[in-house]
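Just below is one structure, and these are the notes that go with it.
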Amino acid sequence: MLNEQEKVVEIRGLVKSFGENHVLRNVDLDLYKGENLVVLGKSGSGKSVLIKIMVGLLKQDKGTIKIFGIDNSNLNLKELNKLRLRIGFSFQASALYDSMTVRENLEFPLVRNVKNLTRKEIDFKVEELLESVALPNTINQMPSELSGGQKKRIGIARTLILNPEIMLYDEPTAGLDPVTCIEINNLINEVRERYKTSSIVITHDLTCAKQTGDRMAVLIKGHFTSVGTFEKVFEEATDKQVKSFYDYNFIR
Amino acid sequence: MSKIKKVDKPVISKNLDEFFTGMAKAFSFVKRFFKEVWFPPYEFKEVLRQCYEIGYRSLPLISLTGFIIGIVFTNQSRPSLAEFGATSWLPSLISIAVVRALGPLVTALIASGKVGSSIGAEIGSMNVTEQIDAMEVSAINPFKFLVITRTLAATFMIPILVMYTDFVALMGSFASVNANELVSLSTFFVQVFEAVSFLDIFSSVIKSVVFGFTIGIVGCYKGYNSSRGTEGVGQAANAAVVMSMFLIFVEELLIMQIVNAIRYA
Ligand SMILES: Nc1ncnc2c1ncn2[C@@H]1O[C@H](COP(=O)(O)OP(=O)(O)OP(=O)(O)O)[C@@H](O)[C@H]1O
Ligand SMILES: [Mg+2]
């Protein structure tokens, strides 16, 4: 199913520092259409920074990012927003709007970006998405009434409402119990099947990586040291740091 | 994203540098407000919701404070006037004091504590929990939805609250005057309206519009630029109150000078 020819994201020579803190030193990465690419790395290695640069929340110091062939570095806000609508960003801490109900959370991006929808169409879309994340009866709840795992799902549903072609998941399983983790992993795989998305999944959980990823990419000291299938990257790992990542996850 | 670059090494001294970059940042924030407020999308519903929140939040405290200030100020002024046998001037004196100075100032100070801090905390926590980023990545302009709506709501509501405070304070004063000097309500208000001029009312409205804008924009600015992390939220709320109170006093002083210049010209 992997279409090796078609790249949806192409990152070359990406550099990003915050003052003396050189987070990304020289990042190259490709995302192919329809694949799930897992990005692994220690806490603070710059995984979130990388995907925030992709959607223009942060600006790179150097390097290029092409998404659907569009270089995102010198777009004006209108063009950037047009690109952003094709990308779904699921935040590390869900980022649900806590003054709004679940329904309003889902509607908010929809009604502001798609004009002239009828009430019926909006309701239909919202209910369909809640159904697909298996939380239809939370519709009138406030985010504060949801569990961590439920918040993650609603956050994912909210990003799906604009039919993105690329999904960026920032640590979808962080802080969740193992059973819920597996449910979220299944959801990520379902989303790919159902909505035909290409995804980057950020995690430091190898179970999640193995379950959701077609390819792995390990971010160490500001660049990707090894990229490939799970077996290639971990089970045949020669790099000490990659290996320790693997050992740490399974010996615990 | 801010266009102002962070310098790695201090140019003058660290604190002074921070002060000036802070000023420049605040200035560009205000500039952005005036640049974006004219263009759609207009978030009328959110403005209305915020108006309600602002009014509702401040009303009980303002009612109480206004009434008590009316009574206290009347009772404190009475002995001085009594010395000249001029207690019949009480309504005029109080009305001038309330409309020109006390009403706007007291309302603005209470609102900066109640409204400014809650705007600062709300937007600050939205910033910390990446809700603002979430709006941005779904192509929604968070500045429009959060900052412009709240600032407009504060700018509309504070003048209304000021009029309400004026009224309540005058009622407090009437309660005292009525009990002591046996003045009727109609006589009291005839005297009140004789004492205040159009310029008084006009400048009071202008002043409260300025105060309202200050409370709204400062709350939003502090929240929007809060440092990440939970303590950032508290700091934002606190800084919003301190900063807006300070600015309100400065503005009061400036506007008073201008109005007096007009009055005695
Ligand atoms: N807006 C910012 N300003 C300054 N420094 C930042 C900013 N965002 C991130 N950093 C720094 O960049 C580094 C990488 O942060 P990032 O959030 O990408 O880590 P991460 O790999 O996602 O870690 P985690 O697994 O804990 O989420 C950290 O040292 C962080 O302090
Ligand atoms: Mg992160």
Side-chain angles (χ1 to χ4, degrees), chain A residues 17-21 48 51-61 75 77-100 104-115 143-144 151 154-155 158-164 166-168 170, chain B residues 1-10 14 17-18 21 32 35-36 39-46 49-50 52-53 57 118-119 121-146 148-150 153 223-224 227-230 232-233:
Chain A
S17 312
F18 297 98
E20 292 298 296
N21 183 5
S48 300
I51 57 171
K52 280 182 184 169
I53 295 175
M54 289 176 64
V55 292
L57 284 176
L58 294 170
K59 216 158 170 42
Q60 68 260 44
D61 300 335
L75 298 178
L77 187 64
K78 211 169 161 191
E79 294 163 334
L80 179 63
N81 277 341
K82 220 169 128 195
L83 186 61
R84 279 169 169 172
L85 291 180
R86 302 172 70 183
I87 306 173
F89 193 114
S90 153
F91 283 84
Q92 195 160 350
S94 308
L96 297 180
Y97 307 123
D98 43 32
S99 61
M100 302 182 193
E104 289 162 342
N105 260 283
L106 293 181
E107 275 176 22
F108 191 67
L110 188 65
V111 296
R112 275 177 175 67
N113 285 301
V114 188
K115 298 285 167 239
S144 56
K151 280 186 195 163
I154 301 293
R158 188 180 65 185
T159 58
L160 285 170
I161 203 149
L162 293 167
N163 299 321
I166 297 178
M167 280 294 285
L168 306 174
D170 198 347
Chain B
M1 250 180 292
S2 150
K3 279 192 208 114
I4 295 150
K5 263 201 195 147
K6 255 215 173 126
V7 222
D8 292 342
K9 279 191 207 122
K14 197 163 169 281
D17 268 24
E18 271 170 15
T21 46
R32 185 168 174 196
K35 217 166 90 186
E36 293 194 11
F39 302 104
Y42 307 111
E43 304 280 355
F44 290 119
K45 231 174 101 190
E46 183 66 10
R49 196 175 76 86
Q50 290 303 325
Y52 172 76
E53 291 271 314
R57 253 188 223 133
S118 77
I119 292 178
E122 186 192 13
I123 297 188
S125 84
M126 292 187 78
N127 187 18
V128 168
T129 55
E130 300 185 312
Q131 292 174 51
I132 294 183
D133 287 346
M135 287 186 190
E136 243 168 76
V137 296
S138 37
I140 296 162
N141 182 346
F143 193 88
K144 274 227 149 87
F145 187 75
L146 301 172
I148 292 188
T149 53
R150 280 158 182 74
Y224 219 77
S227 56
R228 297 279 164 112
T230 30
V233 179

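Just so you know, these numbers come straight off a predicted model, no measurement behind them. The figures here come from the full heavy-atom set of this structure, side chains too, leaving out hydrogens, waters and symmetry mates. Each chain gets a letter, A, B and so on, in the order the sequences are listed, and its residues count up from 1.
Comparing A:Asp98, A:Leu162, A:Leu85 by heavy-atom pairs within less than 4.5 Å of chain B, the highest count is held by A:Asp98. Between chain A and the options B:Ser125, B:Ser138, B:Ala134, B:Pro41, the largest number of non-hydrogen pairs under 4.5 Å is found for B:Ala134. When each of B:Asn141, B:Asp133, B:Thr129 is scored by its heavy-atom pairs under 4.5 Å with chain A, the top score falls to B:Asp133.
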Report task. Verify side-chain contact (heavy atoms from CB on, under 4.5 Å) between B:Ile132 and B:Ile123, making sure each step is shown before the conclusion. Result -> CA-CA 8 Å; B:Ile132 294 183; B:Ile123 297 188; 4.0 Å; yes
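Under a 3.5 Å cut-off, the side chain of A:Arg158 and the backbone N or O of A:Ala95 do form a donor-acceptor pair. Side chain of A:Arg84 to backbone of A:Phe89: no donor-acceptor contact under 3.5 angstrom is found.
Under 4.0 Å is where a charged nitrogen must lie from a carboxylate oxygen, and between B:Arg150 and B:Glu46 at least one such pair does.
When heavy atoms are compared at a cutoff of 4.5 Å, A:Leu83 does not approach chain B at all. If you measure heavy-atom distances from A:Met100 to chain B, the contacts under 4.5 Å come from the side chain alone. At a 4.5 Å heavy-atom cutoff, the contact between A:Lys52 and chain B is made by side-chain atoms alone.
Taking OG1 of A:Thr159 as the start and CD1 of A:Ile166 as the end, the distance is 13.0 Å to the nearest 0.5 Å.
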